[in-house]
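Contents: one structure, followed by commentary.
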Amino acid sequence: MSQAVLERRSEMLKKHIQRLLIKDNQHGISRQQSMFLQQMIKELHQTSHEMNSNK
């Protein structure tokens with residue numbers, strides 16, 4: 001993937017993760033949402049790794 005696509009993906013993942021973390025801290029989240037959050041964090045780490053290897 002191009003650097004611009006990876007950067008956009010990273011920003012989107014960060015926003016989604018932030019929203020879920022805020023929701024979790026305020027009201028709690030379901031098990032399904034928790035698993036989704038964990039998957040997004042893994043994707044963010046993978047995207048960061050790909051961005052760093054493309055430099």
Side-chain angles (χ1 to χ4, degrees):
M1 278 191 239
S2 73
Q3 191 72 16
V5 171
L6 291 172
E7 288 173 5
R8 178 68 180 141
R9 179 182 174 99
S10 177
E11 289 303 315
M12 290 174 60
L13 285 167
K14 287 177 186 177
K15 286 180 185 179
H16 288 313
I17 290 168
Q18 182 180 22
R19 284 189 208 127
L20 266 178
L21 287 175
I22 290 169
K23 182 178 179 184
D24 187 24
N25 287 336
Q26 292 176 343
H27 309 289
I29 57 175
S30 69
R31 185 165 195 258
Q32 183 178 10
Q33 288 174 318
S34 178
M35 291 171 60
F36 183 59
L37 176 59
Q38 290 175 14
Q39 183 62 36
M40 284 193 297
I41 291 170
K42 288 177 187 176
E43 288 181 30
L44 179 61
H45 283 279
Q46 179 63 33
T47 302
S48 296
H49 177 73
E50 289 178 34
M51 286 172 45
N52 290 334
S53 67
N54 284 347
K55 288 184 177 180

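Shown here are the side-chain hydrogen bond (donor to acceptor under 3.5 Å, both in side chains) partners of Glu7, two or more places apart in sequence or in another chain: there are none. Applying the salt bridge (charged side-chain N to carboxylate O under 4.0 Å, His left out) rule to Glu11 yields the partners Lys14; only residues at least two apart in sequence or on another chain are considered. With sequence neighbours left out, the side-chain contact (heavy atoms from CB on, under 4.5 Å) criterion links Gln32 to Ser30. For Arg19, the side-chain contact (heavy atoms from CB on, under 4.5 Å) criterion is met by Lys15, His16, not counting sequence neighbours.
Under a 4.5 Å side-chain heavy-atom criterion applied to ILVMFWY residues, the cluster that includes Ile22 comprises that residue alone. Phe36 belongs to a hydrophobic cluster whose remaining members, ordered by chain and number, are Leu13, Ile17, Leu20, Leu21, Ile29, Leu37, Met40, Ile41, Leu44; membership requires side-chain heavy atoms of ILVMFWY residues under 4.5 Å apart, directly or through intermediates.
Atom CZ of Arg9 and atom CD of Gln46 lie 9.0 Å apart (nearest 0.5 Å). Here the OG atom belonging to Ser34 is positioned 12.0 Å from the CD atom belonging to Gln39, to the nearest 0.5 angstrom. Here the straight-line distance linking atom CD of Glu50 with atom CD of Gln3 works out to 10.0 Å at 0.5 Å rounding.
Between the side chain of Ser10 and the backbone N or O of Leu6, no donor-acceptor pair lies under 3.5 Å.
His49 places none of its side-chain heavy atoms less than 4.5 Å from the side chain of His45.
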